[in-house]
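What follows is a set of notes on a single structure, which appears directly below.
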Amino acid sequence: MSEEKVVIFDTTLRDGEQSPGASLSITEKLEIAQQLAVLGVDIIEAGFPVSSPAQFEATKIVAEQVSGPTIAGLARASEGDIEAASKAVAPAKKKRIHTFIATSPVHMEYKLKKSSDEVLKMAVQAVKCAKNFVDDVEFSPEDACRSEMSFLIEILAAVIEAGATTLNIPDTVGYVLPYEYGRIIAQLKSDVPGIDKCIISTHCHNDLGMAVANSLTGVRNGARQIECTVNGLGERAGNAALEEIVMGIHTRPDFFASQSTGGLSTNIKTTEIHRTSQLVSRLTGFVIQPNKAIVGANAFAHEAGVHVDGILKERTTYEIMKPETIGLGGSRMVLGRHTGRHGFVDRCKQLGFKLTEEEIEHAYQRFSEIADKKKEVFDEDVMAIINDEVRVVVEQVYELQYLHVACGTGTLPTASVKMCAKDEVKIAAACGDGPVDAAYEAIRQATGQSPKLENYSIKAVTSGKEALGEATVRITEDGRSYIGRGISTDIIEASAKAYVDAINRMVSAKGKGDQPEVKVEL
Ligand code: KIV
Ligand code: ZN
């Protein structure tokens, strides 16, 4: 019996971007989409084009510039939405329209204020309308898992007749448990007329922490597409994490082989998982919890003596996957103050960076400064230098030239800063609840900008007392959020740099006349 493929439908840029606080610029979305193509996802849901001009533009640019995967655009079951989605995905070689309407009693009565007959008619019209633009049409009965089974069967049979090629079964509110989700998929597979011509898809939210388990149980019961997001981003508690889904299928072929199939596989290049996860975390500002499965910093770390002893005797005693499979370097290369330019450039190449001469110059200079303070510079440090400092495309409207902070037990934390804005130099001093708060107040005074600080986090890029600190902040103003990052061996300096970076992004975006995002209720 031959192996069957499970289609990986990535919705990081659509459902993932609906995570509260995750907002990506068009350039950032394009960068993620390009990496998703390298990762080997089959479909990228690039956005919800009708919801705002920025969503439309982002979907269109991804459709124009990213080759390999099918590009999908989301649309409610209405002509306007479907036309917008069709225009946005038009430039793609392979394109899909994904249309949806809610089918659960609670959504139909309170949200849509429509009868089931009306909903069924709208679904059929939507699929027929989408068929005028593309062959590949996906239909989702939103909140399927709280819908009446008889109505689900009826509406799915009707949209198949209308031309739908993929039927997605969302657990929109993350309500069901794996056994129940498996039974829903199995029943639909056996009872919906014509369903054997279509691909059944899973789309599971994580409110009860079941998203990955539900998706894999769906696959065990006949689904052959999984909708998921990198790092499990998504509405509320998120969506099924792509990396967990893929590694589940990869690591347990025995579980998925059955009487009807010789096993399952995906087209994902697993060695790109770690890099993709880091990129999404960096651009969304969502820090990955250390104990996150597959991509957390501790996912392949062993500390307890008995575990380390076991691993050294036989790796499989405590490791079910090899770190190399997800793209982590097996052995760590360490650079230091004696590493020359040539060695540094070589390492950058091995890490997959293609740098211009100017970028190499900047990166090597920063590397040398850091290597002077830190004895050992690890791959993660080099990646942080390049990603957070060298590849920053935002205009440096404000530059932090000087920062002095005084704090301690029984003293009032104070900070003074010198900032450069074009040719003007601004100096300010302030006190605060702590050293970071004082520095941020001084920066606000010096720049005259006072966005709301929504989120602040700091983490060590590598372990050890001389580790680089990487600060991430999210600020908001006029309904838009901006992420800033900064690195330094000094965590107060890293924090100040992150804040200035976010302010620079905000000021540049305003200069370009970016409009606030209008979120359309699903
Ligand atoms: O969770 C959900 O139901 C969705 C649909 C739009 C597929 O995201
Ligand atoms: Zn969703």
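None of these values were measured; they are calculated from a predicted model. For ligands, and for the atoms within them, numbers begin at 1 and follow the listed sequence.
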Heavy atom of His98 under 4.0 Å from ligand 1? yes
Do other residues, nucleotides or ligands put more than 12 heavy atoms under 6.0 Å from Phe353 CZ? yes
Can you list the ligand 1 atoms lying under 4.0 Å from a non-hydrogen atom of His203? 1 (O), 2 (C), 4 (C), 7 (C), 8 (O)
Is it true that Lys121 and Glu118 make a salt bridge, defined as a side-chain N closer than 4.0 Å to a carboxylate O? no
Are more than 12 heavy atoms, taken from residues, nucleotides or ligands other than Glu3, located less than 6.0 Å from that residue's CD atom? yes
Looking only at non-hydrogen atoms, the one of Arg14, Glu45, Glu227 nearest atom 5 (C) of ligand 1 is Arg14
Given the rule in the side-chain hydrogen bond (donor to acceptor under 3.5 Å, both in side chains) test, do Thr476 and Glu454 qualify, once you have shown the distances and angles that lead to the verdict? CA-CA 7 Å; Thr476 53; Glu454 295 282 356; 2.8 Å; yes
Salt bridge or not between Arg96 and Glu45? Use side-chain N to carboxylate O under 4.0 Å. no
Provide the number and element of each atom of ligand 1 under 4.0 Å from a heavy atom of His205. 1 (O)
Numbering the atoms of ligand 1 from 1, which are under 4.0 Å from a heavy atom of Glu142? 3 (O)
Between the candidates Val173, Asp143, Thr172, which shows the shortest non-hydrogen contact distance to atom 3 (O) of ligand 1? Thr172
For the pair Tyr440 and Tyr499, name the ring-plane relationship: parallel under 30°, tilted 30 to 60°, perpendicular over 60°. parallel
Do you see an N/O/S atom of Asp15, backbone or side chain, under 2.8 Å from the Zn ion (ligand 2)? yes
Out of all atoms in ligand 1, which are within 4.0 Å of some heavy atom of Asp15? Include the element for each. 8 (O)
